[in-house]
Structure formats: C-alpha cells, structure tokens
There are 2 protein chains.
Amino acid sequence: MSIAAQIPARFTLTVKDVATEAGVAPSAVRFYEQHGLITAHRTAGDQRRFDDSAACRIKVAKVAQRVGLTVREIADVFVTLPDDPEPQDWQRVAAVLIDEAEARTAALQAYLGEMLSGGRLCEIDDRIEVPNQGRG
Amino acid sequence: MSIAAQIPARFTLTVKDVATEAGVAPSAVRFYEQHGLITAHRTAGDQRRFDDSAACRIKVAKVAQRVGLTVREIADVFVTLPDDPEPQDWQRVAAVLIDEAEARTAALQAYLGEMLSGGRLCEIDDRIEVPNQGRG
DNA sequence: GCTTGACTTCAACATAAGTTGAAGGCCGAG
DNA sequence: CTCGGCCTTCAACTTATGTTGAAGTCAAGC
C-alpha cells in the first residue's frame with residue numbers, strides 16, 4: 001500500500017511556471033506561498049507543484065495591493081476559497097475585495113468632503129474627526 | 001538689520017502640538033517632515049514650528065495611505081499646495097487623490113470582472129492581461 | 001536662574017514585502 | 001547515467017514606514 005498522499009493531478013506547475021505566468025519573480029511565488037496566498041503540493045523530492053489558480057491568485061493579489069490591501073488581508077480573503085473553486089467562489093471573493101476598495105475610497109472622499117465643506121479647511125478647531133482606521 | 005529670515009507668524013505649533021492634533025506620534029511628525037509631507041520653520045534654537053495645515057495634511061495623508069498611496073506619492077501631490085493654501089487648492093488636491101483612488105479601484109474591478117466573465121476563471125490560456133501598474 | 005518637560009539628532013529596532021546569493025538537491029533530455 | 005537547469009532552505013540585504021532610546025539642548029514656570 002502507498003503511504004504518502006498523492007499530489008492531485010492538476011498540480012503540475014513549478015515555481016518558475018507560476019512566476020512566469022503571474023509576471024512576478026520566483027522568489028515572490030515562494031514568498032506568497034509562505035504567506036498563505038497560494039498553496040502547493042510537494043513532490044517526492046520536496047519540490048513545489050501548483051495548479052493554475054496560483055498564478056491567478058497572484059495576479060488578483062497584485063491588483064488588490066494597489067488599493068491598499070496587505071498580503072495578510074488578501075490571504076485572509078483567499079482562505080475562503082475552496083480547493084478548485086467554482087465561479088461563485090471567485091465571485092464572492094471579488095465582491096469582498098471590491099467592497100473593501102470602495103469603502104476605503106469612500107472614507108477618503110468623506111474625509112476630504114467634510115474638510116472642504118467645513119470652510120475652515122485646516123483650522124485647528126477640530127470638528128472633523130479622522131475616520132477610524134481599525135486594523136483588526 | 002536682522003540677518004535671519006523671521007518665521008511667519010502662523011508657524012507656532014510644536015512637534016507635539018501637531019502630533020496631538022493629527023493623532024500620530026511625534027516621531028511620525030518628524031518622519032513626515034523629512035519626507036516632504038509637511039514643512040516646518042525653525043526657531044533660533046533649531047526647534048520646528050508648524051502651522052495649522054501640518055496636522056491637516058497628516059490626517060489627509062493617513063486616509064490616502066489606506067487606498068494604497070505611498071508617502072512619496074502623497075508628498076508629490078502636496079507639493080502642489082502653495083504656502084497657506086486657498087480652498088480651491090485643497091479642492092484640486094482632493095480631486096487628484098480621489099481620482100487616483102477611484103482609478104485603482106476601477107482597475108481592480110476591471111480585472112476581476114474580466115476574469116469572472118471570461119468563464120475560464122484561472123485557466124492558464126492567458127487572454128487576461130493583468131493591468132499595467134506603472135509606478136512613476 | 002534652575003528645573004522640567006519637550007526639543008534636537010542619530011542610530012538601532014520593528015514590520016511588511018520582497019530580492020539576492022550560497023550551498024546543496026532533484027529531474028528530465030540525451 | 002550524467003549534465004544543466006531548476007529546485008530546496010537559509011540568511012542577509014533592500015525599501016517603505018515608522019518607533020525607541022541615548023545624549024545632549026531649549027524654553028517656560030516657579
């Protein structure tokens with residue numbers, strides 16, 4: 001009987017493959033795996049093997065980072081994706097990411113709007129509260 | 001005749017004053033001055049003195065950072081503010097910041113939308129190009 | 001005019017997000 | 001079955017964004 005769990009057939013891509021596909025350095029691919037953005041299986045010789053979703057996750061992550069999401073925050077969203085996700089899973093993830101981006105933009109807009117409409121602009125009689133940036 | 005340029009009368013606030021007003025640590029106020037987000041005059045004894053706009057700039061910067069703008073990028077926008085800015089100057093700065101935030105959110109939305117509508121999701125037959133993230 | 005608290009600079013530390021290089025191991029093409 | 005290329009880990013380095021602490025200076029109240 002075989003002892004080791006076999007690697008699912010779709011996990012065929014090497015670090016280099018994923019890096020090339022995603023347009024990042026191989027070191028970044030390892031970094032993202034360490035930080036839970038992507039998941040690998042290991043060969044008998046301890047090498048990583050990824051499926052197609054790895055490059056995709058990385059590409060989404062790079063765009064998400066541009067709106068201020070950290071790798072940690074993005075990983076937290078991605079862990080909700082099942083193994084071999086359905087379209088609806090990606091749909092949900094997309095909604096979460098976009099909501100967050102829009103919320104942050106809205107916060108910026110609200111703060112600037114309040115500041116400008118206040119007339120006082122930057123006078124030091126604080127009626128404007130800077131929005132709570134709860135990271136937690 | 002006096003040799004040294006006098007500090008404009010409105011520059012009365014110490015590092016601590018600005019830090020308290022902006023809700024950040026004094027070390028951060030010095031950091032932001034080093035990086036051009038805010039400007040100080042110096043007393044005869046070499047101490048920084050800020051005007052009201054310093055705390056305001058910092059508060060705006062903190063919200064702008066949340067949408068992915070770096071200190072450098074924010075400073076680049078703030079340098080367009082004249083000394084003792086008019087409402088219209090802040091209006092323009094606000095517009096630039098919001099435009100940038102919306103552009104980044106739109107890029108995220110576009111990428112996710114294309115990915116989801118493509119049907120293939122994360123299949124490796126790249127018709128989806130990850131949006132160009134030109135920094136600079 | 002002294003004390004005390006806030007100021008100064010500078011260097012070291014911390015965390016996030018990676019990159020680079022060394023030392024060695026895996027694997028597929030010939 | 002060997003060779004070259006990609007793989008592994010690990011530690012050190014980099015940049016961005018700050019914080020912390022040391023050593024010394026300034027300024028405001030008593």
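Letters go in sequence order (proteins before strands), and every chain restarts at 1. Every value quoted in this text rests on a predicted model; they were computed, and no experiment measured them.
Taking atom CD of B:Q34 as the reference point, atom P of C:dT8 lies 11 Å away to the nearest angstrom. Look at CG on B:D17: it is 13 Å from C1' on C:dG5, rounded to the nearest Å. Atom pair B:E33:CD and C:dT8:C1' shows a separation of 12 Å (rounding to whole Å applied). Residue A:Y32 contributes atom OH, which lies 7 Å from atom P of C:dT19 at whole-angstrom precision.
In this structure, A:R49 does not pair ionically with A:D17, as no charged nitrogen and carboxylate oxygen lie closer than 4.0 Å.
Closest-nucleotide positions on DNA chain D for B:T43 and B:V29 were compared, and the one nearer the 5' end corresponds to B:V29. Both A:P26 and A:D46 sit near DNA chain C, but only A:P26 has its closest nucleotide nearer the 5' end. Of the residues near DNA chain C, A:S27 and B:V15, the one whose nearest nucleotide (by heavy atom distance) lies more toward the 5' end is B:V15. The residue among B:R49 and A:R30 whose nearest nucleotide of DNA chain D is located toward the 5' end is A:R30.
Interface limits on DNA chain D: the 5'-most and 3'-most nucleotides within less than 4.0 Å of chain B heavy atoms are D:dT17 to D:dA27.
In terms of phosphate contacts, B:Q47 brings no side-chain nitrogen or oxygen within less than 4.0 Å of OP1 or OP2 of C:dT9.
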**Item:** Candidate pair A:E73 and A:R104, rule salt bridge (Lys or Arg N to Asp or Glu O under 4.0 Å), full reasoning
**Value:** CA-CA 14 Å; A:E73 288 168 333; A:R104 291 179 187 200; 3.2 Å; yes
**Message:** One pair to check against side chain to side chain donor-acceptor pair (under 3.5 Å): A:Q109 and B:E102. What are the steps and the verdict?
**Reply:** CA-CA 10 Å; A:Q109 232 158 17; B:E102 288 182 338; 3.0 Å; yes
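Across every non-hydrogen atom of B:F78 and B:R57, the tightest pair is CE2-O, 3.4 Å.
Side-chain contact check for B:E33 versus B:T39: every heavy-atom pair is 4.5 Å or farther apart. Within the 4.5 Å cutoff, the side chain of B:D51 has no heavy atoms near those of the B:T12 side chain. The shortest distance between side-chain heavy atoms of B:V24 and B:V29 falls below 4.5 Å.
Contact annotation for B:R42: backbone-only contact, meaning every heavy-atom pair under 4.0 Å involves sugar-phosphate atoms and none involves a base. Counting any heavy atom pair closer than 4.0 Å across all strands shown, B:V24 reaches no nucleic acid atom. Backbone-only contact: B:R48 has heavy atoms under 4.0 Å from sugar-phosphate atoms and none from a base.
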